[in-house]
J.: 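One structure is given below, represented as structure tokens, and several questions about it will come after.
Within every chain, numbering begins at 1; the chains are lettered A, B, ... in the order of the sequence lines, protein sequences first and strands thereafter.
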Amino acid sequence: MKENLKNKILDAVKFFIPDFNGDAVSSRLVIEKPRLAEHGDLTTNIAMISAKQVRKNPRQFAQELIEKFELDPNYFAKVEIAGPGFINFWFTNNYFYERLGTIIKENSNFGRLNVGDRKKTQIEFVSANPTGPLTVGHGRGAVLGDTIANLLEWNGYDVTREYYFNNAGRQMRLLGDSVRLRYLELTGEDVDFPVDFYQGEYIKDIAQHLVDEFGDSLKENQDENIFKQRAEDEIFDDIKKTLQRLKIEFEVFFNEKSLYDDGSIDSVVNEFRQKDLAYDKDGAVWFKASQLGGETDKVIIKSTGEPTYRLPDIAYHRNKFQRGFELIIDLLGADHVATYPDVVAGLKALGYDERKVKVLIHQFVTIVQNGEIVKMSTRKANFITLDELIDEVGADVVRYFFIMRSMDSHLNFDLKLAKTQSDENPVYYLQYAHARIASIIRYAESEGVELSQTPKFELLTQPEEINLIRQLEQFPDFVESCAANYDPHRLAEYLHETAGFFHKFYHQHRVVTDDKQTTSARIALCLATKIVLKNGFDILGITAPEKM
RNA sequence: GGGCCCGUAGCUCAAUCGGAUAGAGCAUCAGCCUUCUAAGCUGAGGGUUACGUGUUCGAUUCACGUCGGGCCUACCA
């Protein structure tokens with residue numbers, strides 16, 4: 001409908017400005033739902049942005065434009081000029097009734113779109129190394145990433161969720177050593193546990209498992225790998241379990257090590273050398289980032305012979321391109337902001353279209369406990385694990401909490417509030433609307449209400465009814481724009497509003513009455529609301545309870 | 001020093017990539033259940049959108065500056 005209207009508007013404008021380029025002003029041309037209902041169902045600023053070109057005042061030009069519009073009276077009830085020159089449009093009820101029918105007909109597919117055109121898309125998120133349980137901070141990335149993936153799937157993208165990890169390197173060695181020391185401790189040795197080792201209780205648990213299985217027979221074992229491997233296995237297992245509790249599943253776990261094994265790392269360095277983008281200095285290999293817009297050149301291989309993180313990151317991203325992904329999304333925490341410019345520069349240097357890489361940065365989660373900010377570190381083990389959080393408030397609340405805010409904003413997570421007031425969490429407001437509808441439908445069935453195949457929608461004329469339909473009808477618009485902007489929080493907000501419109505309708509009007517026709521129409525409206533809520537919950541990854 | 005993000009009601013956050021009267025939740029106060037779920041609804045109070053300048057029909061939004069907070073700024077990942 002919006003597209004249709006846009007074309008009609010552009011046609012009208014072209015009558016006055018023949019060379020008017022819709023694309024050139026598309027950034028300024030807005031057709032949208034006004035904030036206030038009294039300003040209609042759709043509004044456009046076309047008269048204001050183009051008035052200068054025709055040397056007319058906006059209101060007058062708006063009037064002339066309106067006279068050129070050829071609007072279908074079946075769908076448009078009224079057009080009005082308002083304020084400085086807005087043109088406001090009102091839909092007919094008939095339009096809303098048609099949309100209501102569409103919602104019910106499309107059911108669980110209502111809101112699914114094809115704008116992605118099956119484009120091969122990869123989204124990488126979480127990507128925490130297996131050195132400890134996932135923290136609340138990881139949780140934000142996990143939930144955002146999965147929800148964005150869901151949104152893209154609803155838009156018709158072919159999405160692969162991927163988790164990148166590194167099980168080599170210093171941190172992992174430290175992890176293995178930490179387990180070994182705890183193991184020795186448990187087998188009766190006198191151990192001085194260094195402060196910079198992993199302090200968490202989970203290290204002791206892993207050590208205990210080794211004691212249970214092997215007794216003290218590993219004491220003399222010189223193969224330190226046993227401890228590291230065991231730690232990695234157990235921790236990864238836990239991470240996957242935690243993610244599963246949030247209904248997050250990755251299609252691919254990508255091990256950084258494979259990039260060394262298959263020669264990808266070397267080949268990147270060689271290509272850089274060939275293109276004269278790498279050079280040796282002080283025993284290290286440097287990447288000429290400064291030549292590609294970076295601030296300074298960066299080390300890619302240390303003088304010890306070990307690559308820095310940049311090199312495998314570049315190789316990994318090249319691998320993504322080689323696998324044929326056309327849209328590559330990286331969701332990173334704010335602590336990684338500095339890393340991606342080098343990666344992007346590297347890819348560009350290798351001849352890839354860096355515009356296909358979309359880097360999303362989410363800000364940190366600050367944990368507030370007893371009014372104080374808790375500094376978190378995996379090694380110091382003073383973090384709140386994601387698992388503990390799920391234990392406290394449940395998976396639905398965790399998911400909703402992490403998507404209800406823009407990823408640009410720093411998230412303050414007040415633990416006390418989350419625990420003691422979880423019953424007042426906004427997610428219940430949404431779910432309650434769904435459960436309430438389910439209950440009404442159960443009641444209707446128990447009363448023997450027969451649902452008409454062709455409800456008389458035209459009986460829905462009350463403001464609360466029309467407002468609700470108007471809201472429901474826009475669901476696909478939100479699915480599309482939230483995906484286009486990688487911005488799931490607005491969908492959460494939309495659903496919150498939708499629940500509100502339903503609650504208002506419910507309080508004003510009885511659904512099941514003696515009037516069979518009206519009952520049938522209102523049940524249909526309830527069903528449509530339930531469909532939109534359910535589809536929205538699916539995208540957000542929260543459950544749609546039939547009872548609460 | 002430089003880069004990124006943020007600053008909006010007592011608190012936590014919105015405001016559909018420049019729109020019309022800046023909105024929700026929590027907290028406070030006052031109302032609404034013998035009828036389909038009161039985890040709900042209705043109403044009240046609460047704001048110089050950190051501050052200043054600029055851009056224009058129009059600024060919470062954009063540009064520049066100041067102040068304040070977070071993160072980054074490794075031959076750590």
J.: Mind checking whether Phe505(A) and Gln462(A) have side chains closer than 4.5 Å, heavy atoms only?
T.: no

J.: Closest approach to the side chain of Ala338(A), judged atom by atom: which nucleotide of A20(B), C72(B), C75(B) is it?
T.: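 Closest nucleotide to the Ala338(A) side chain: C72(B).
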
J.: Can you pull the ring pair (Phe, Tyr, Trp, His ring centres under 6.0 Å) pairs that have at least one residue in residues 39-58 of chain A, sequence neighbours excluded?
T.: none

J.: Among the nucleotides U16(B), C36(B), U42(B), which one has an atom lying closest to any side-chain atom of Arg35(A)?
T.: U16(B)

J.: Would you mind telling me which of C75(B), U12(B), C36(B) lies closest to the side-chain atoms of Asn412(A)?
T.: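 Taking heavy atoms from C-beta onward, the closest nucleotide is U12(B).
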
J.: Any pair with a residue in residues 491-500 of chain A that passes side-chain hydrogen bond (donor to acceptor under 3.5 Å, both in side chains), sequence neighbours left out, goes on the list, sorted by first then second residue, please.
T.: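 side-chain hydrogen bond (donor to acceptor under 3.5 Å, both in side chains) check on residues 491-500 of chain A returns Gln471(A)-Thr498(A).
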
J.: Would you mind telling me which of A77(B), U37(B), G19(B) lies closest to the side-chain atoms of Ile49(A)?
T.: G19(B)

J.: Only counting residues at least two apart or in another chain, list the ones meeting salt bridge (Lys or Arg N to Asp or Glu O under 4.0 Å) with Lys33(A).
T.: none

J.: Decide, yes or no, whether a salt bridge links Asp41(A) with Lys78(A) under the criterion of side-chain N to carboxylate O below 4.0 Å.
T.: no

J.: Phosphate oxygens OP1/OP2 of C32(B): is one of them under 4.0 Å from a side-chain N or O of Tyr506(A)?
T.: no

J.: Indicate for each nucleotide in nucleotides 5-10 of chain B, in 5' to 3' sequence, whether protein heavy atoms under 4.0 Å reach the base (B), only the sugar-phosphate (S), or nothing (-).
T.: BS----

J.: Where does RNA chain B form stems of at least three consecutive Watson-Crick or G-U wobble pairs, each pair having both distances below 3.5 Å?
T.: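 Detected stem regions: B:1-7 with B:67-73, B:10-13 with B:23-26, B:28-32 with B:40-44, B:50-54 with B:62-66.
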
J.: In plain terms, say whether Glu546(A) and Lys530(A) are close enough for a salt bridge, that is, a side-chain N and a carboxylate O under 4.0 Å apart.
T.: yes

J.: When you measure from the side chain of Thr308(A), which nucleotide among U37(B), A77(B), C71(B) comes out closest?
T.: A77(B)

J.: Salt-bridge test for Lys320(A) and Glu162(A): reply yes if a basic N is under 4.0 Å from a carboxylate O, no otherwise.
T.: no

J.: Please give the distance between the C1' atoms of G46(B) and G25(B) as a whole number of Å.
T.: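 Nearest-Å result for G46(B) against G25(B) at atom C1': 15 Å.
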
J.: When you measure only distances, ignoring hydrogens and angles, does the side chain of Asp335(A) come within 3.5 Å of the base of A77(B) through a donor and an acceptor?
T.: no

J.: Please work out whether the ring planes of Phe165(A) and Phe236(A) are parallel, tilted or perpendicular, with thresholds of 30° and 60°.
T.: perpendicular

J.: So, is the end of the Arg436(A) side chain (NZ or CZ) under 6.0 Å from the ring centre of Tyr506(A) and within 45° of the ring's axis?
T.: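 Checked: cation-pi criterion met.
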
J.: Is the glycosidic torsion of C57(B) within 90° of 0, making it syn, or is it anti?
T.: anti

J.: Of all the nucleotides listed (C75(B), G40(B), C72(B)), which has the minimum atom distance to the side chain of His503(A)?
T.: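 Output: G40(B).
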
J.: Could you work out the separation of A50(B) and C67(B) based on their C1' atoms and round it to a whole Å?
T.: 8 Å

J.: Picking from C36(B), C13(B), C41(B), which would you name as closest to the side chain of Arg405(A)?
T.: C13(B)

J.: Under 4.0 Å between a side-chain N/O of Tyr432(A) and OP1 or OP2 of A39(B), yes or no?
T.: yes

J.: Between U37(B), C71(B), A20(B), which one does the side chain of Phe86(A) approach most closely?
T.: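 Of the candidates, A20(B) comes closest.
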
J.: C75(B), U37(B), U16(B): which one has an atom nearest the side-chain heavy atoms of Asp282(A)?
T.: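 Out of C75(B), U37(B), U16(B), the nucleotide with an atom closest to Asp282(A)'s side chain is C75(B).
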
J.: With respect to the side chain of Arg442(A), which nucleotide from C71(B), C75(B), U37(B) is positioned closest?
T.: U37(B)

J.: Which residues, if any, of residues 482-497 of chain A bring a heavy atom under 4.0 Å of RNA chain B?
T.: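 Residues of residues 482-497 of chain A that come under 4.0 Å of RNA chain B are, in numerical order, His489(A), Arg490(A), Glu493(A), His496(A).
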
